[in-house]
Every structure is written in structure tokens, then in C-alpha cells.
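All of these numbers come straight from a predicted model, not from anything done at the bench. Excluded from the calculations below are hydrogen atoms, water molecules and symmetry mates; all remaining heavy atoms, backbone and side chain alike, are included.
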Amino acid sequence: MSQITVIGLGMMGSALARTIHHAGHDLTVWNRSPAKMQALINDGVAGASDLVSAIAASPVILICIDNYAVTNAMLQTEGVAPLLAGRTVVQLSTGTPKEAVELSAGITAHNAFYLDGAILGGPKNIGTPEGQILLSGDRAAHDRAGGLLGCLGGNLRYLGTNVGSASTLDLAWLTTCYSRFVGIIHAANMCQSEGVGVDEFIALFPGQPDIQNYAQVIHSGRFNECTATLEVWGAALKRIQHQATDANINSEIPDFFASCFKKAISAGFGQENVMALFKVLRDSPPSFA
């Protein structure tokens, strides 16, 4: 039996698995598309033949896939439920606090331990001092899994037993990202309209590489270079809207962001860098007066 199984080997899941493996932990991996397992298998990691085998392989199951709905569907696969008792499930997929509470209830109903988590950053941050991961939920789950997860980032924070805390702070952090995106885009638009180089705007932020990098995408026109597409960011934005509905709070700000994303995706820019929003926010909207 291995120490931990990682389920989901997209860009983020693969980064998690590689980091856990290189930290010396005994690891099993599984992905719905077996081809994504091969590089890790070639590096000496055990690959499970199916989902049931993946869960049976380890006492700690780390899930990093599209969303909570997919996780729920996977956990309803025949043969999975009887294996959950005594195991610790860690979810590192973007979702809402309501989804975290519901998934926790479903997991613990099978006498398993559940820990909800959120990754604040991209795959490049995993395993670095800048890597920030939030965890919340069952303290026993944290006690069981925390030692295996410590290698994933220099800032691994356990927020306590409120299982929705990690997803709440994740969505709050993401909201500031969308504010930054539209701010950079309008700033670049402003500069170009007045004959000021976007490079001069970039120079205003010598100690803020995120702002520099996003503005540089607009300046260079390299919209095809990204680790997370505009469509992926758009999907995460929908969860911010869902949270507002669930909590009955004002949603005008995320609704505005969502209207911009919908316009860009409809224009065919969904697989480009999130800064491709610039292409649909560049021109003045038509007047119907």
C-alpha cells in the first residue's frame, strides 16, 4: 500500500503528484485519461488501473479535478463507497462553501475523514516557498494528511473545522484576481488611447511581477501563452456567482466580470490567455441613444 493516491493529473494535479513523489512519499496516481499517467509512471510512480484500485491503494486520497460535481460522480462509482471507511479524502478543486459542506457530509457518511482545500496560485508555485494552500475541515483528517501535504508549498495553512473556510477564502482571493485583470486591461487601453506605451505602465510596478506579466501579454500580443485559459477563469467566476446566490449577498461585481468573460468566450477567445479580454474591452461600446 502506498502512502497517498493523487486522482486527477491535469497541469495542477501533475504538479502536485510530482512534488509529492520528489519529496520521497510513496505515491499512486490515477487519471481518467491513462496517457497523462505515463510520465509519472516512467519516473517510478505506481499507476492504478482504475478508480477503485486507486482508492484501495492508499489511506489518503488527494483529488484535484474539474469540480465537486465530478468528484461526487466518481465517488458514486461502483465499488468505491465500501473502500472509503477509515480513509482520508482531501479535495483540492475549486468550489463553493456550500459544495464543500455537502461533499464533507457525503464523505463522512461513509465513516471517512474529509479535508477541503484550495490552492492559491498556479502549478509553478507548487513545492515552492511561494506555494500557498488552505485546508479546512475535520481536524483528524488534517492530522492524518498534513504530514504528506507539507511538501506542496511553503505556506500550508489549516483554518480549522469550518469546512467551508478554504473555499470561501479561495473565492475571495479569486475575486481580487478578476479585479486586477479588468484594472490592467483598462489601464492598457487608457495608455494606448493616449499614445503612451504599455511598457511605460509596466515600469510602474517593478516589484509586482504578476501585474507586469499580465500587462506584458497585452503589450506583446502573445495571447496564446497561458497556464490557465480565459475559459478556465470564466468557469471559476461562475462559482463566485453561485456563492453570492447561496449566501444571498450582492452579486453586481461578479456579474459584471461574468458579462465580460461571456463576451470574450462568445468571440472565440476562450482558449487564450485571460488578458484576451482586452480584445473585447478595447473599443467603445456602440451607442443606442
Side-chain angles (χ1 to χ4, degrees), residues 4 6-23 25 36 40 62-68 71 90-97 99-100 115-137 142 145-146 148-159 164-185 205-217 222 225-240 243 254 257 261 272-277:
I4 183 169
V6 173
I7 293 174
L9 297 174
M11 293 183 67
M12 184 64 79
S14 294
L16 295 170
R18 283 195 304 271
T19 302
I20 291 169
H21 175 57
H22 292 158
H25 299 302
K36 291 187 176 180
L40 285 157
L62 175 62
I63 302 174
C64 184
I65 52 179
D66 296 339
N67 52 57
Y68 284 57
T71 298
V90 183
Q91 168 88 334
L92 287 180
S93 306
T94 302
T96 67
E99 287 178 312
L115 199 61
D116 201 72
I119 302 169
L120 307 190
K124 67 179 181 180
N125 301 119
I126 299 301
T128 72
E130 293 75 32
Q132 184 171 193
I133 297 178
L134 307 178
L135 301 168
S136 59
H142 178 259
L148 295 171
L149 304 178
C151 62
L152 297 178
N155 190 359
L156 191 76
R157 295 171 57 198
Y158 174 59
L159 302 170
S165 295
S167 56
T168 299
L169 289 178
D170 183 33
L171 295 182
W173 176 80
L174 284 170
T175 300
T176 69
C177 293
Y178 295 107
S179 301
R180 187 164 68 248
F181 295 157
V182 297
I184 291 169
I185 286 167
F205 303 94
Q208 299 183 56
D210 282 353
I211 293 179
Q212 289 188 328
N213 292 339
Y214 282 121
Q216 185 63 39
V217 171
R222 297 198 300 268
E225 298 180 6
C226 61
T227 54
T229 65
L230 189 151
E231 196 168 81
V232 168
W233 280 101
L237 178 54
K238 291 179 181 177
R239 297 182 183 106
I240 295 174
Q243 188 280 331
F257 295 153
F261 275 75
E272 298 186 14
N273 190 290
V274 68
M275 287 293 103
L277 284 168

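Inter-residue side-chain proximity for Y214 and I185 is flagged as unmet; no heavy-atom pair is nearer than 4.5 Å. Within the 4.5 Å cutoff, side-chain heavy atoms of I211 are placed close to those of R180. At least one side-chain heavy atom of M11 sits less than 4.5 Å from a side-chain heavy atom of T227. Considering only heavy atoms from C-beta on, E272 stays 4.5 Å or farther from L230 through its side chain. When side chains are defined from C-beta on, R239 does not count as touching L174, because their heavy atoms never get closer than 4.5 Å.
Judged purely by atom type and a 3.5 angstrom limit, N213 uses its side chain to pair as donor or acceptor with the backbone of P209. The backbone N or O of Q243 sits nowhere less than 3.5 Å from a side-chain atom of T96 that would complete a donor-acceptor pair. In this structure, the side chain of S93 does not engage the main chain of D66 through any donor-acceptor pair within 3.5 Å. Under a 3.5 Å cut-off, the side chain of Q212 and the backbone N or O of F205 do form a donor-acceptor pair.
Minimum interatomic distance between C64 and M12 (heavy atoms only, all atoms of both residues): SG-CG, 3.8 Å. Across A236 and Y178, no two heavy atoms sit closer than the pair CB-OH, 3.4 Å. Heavy-atom minimum distance, G137 versus L115: N-CD1, 4.2 Å. Scanning all heavy atoms of the two residues, the minimum distance from L92 to A118 falls at CD2-N, 3.7 Å. The minimum heavy-atom distance between L159 and L134, with the atom names listed, is CD1-CB, 4.0 Å. Scanning all heavy atoms of the two residues, the minimum distance from A166 to D116 falls at CB-O, 3.8 Å.
Rounded to the nearest 0.5 angstrom, L62 CG and I20 CD1 are separated by 5.5 Å. With values rounded to the nearest 0.5 angstrom, T176 atom OG1 is found 9.0 Å from F181 atom CZ. Taken from OG1 in T94 to CD1 in I65, the straight-line distance is 11.5 Å, to the nearest 0.5 Å.
A parallel orientation is assigned to the rings of Y158 and H142, their planes being inclined by less than 30° (bins at 30° and 60°).
Under the side-chain contact (heavy atoms from CB on, under 4.5 Å) rule, L149 has a single partner from T19, I4, I133, which is I4.
Checking T71 against Q91 by side-chain atom types alone, a donor-acceptor pair falls below 3.5 Å.
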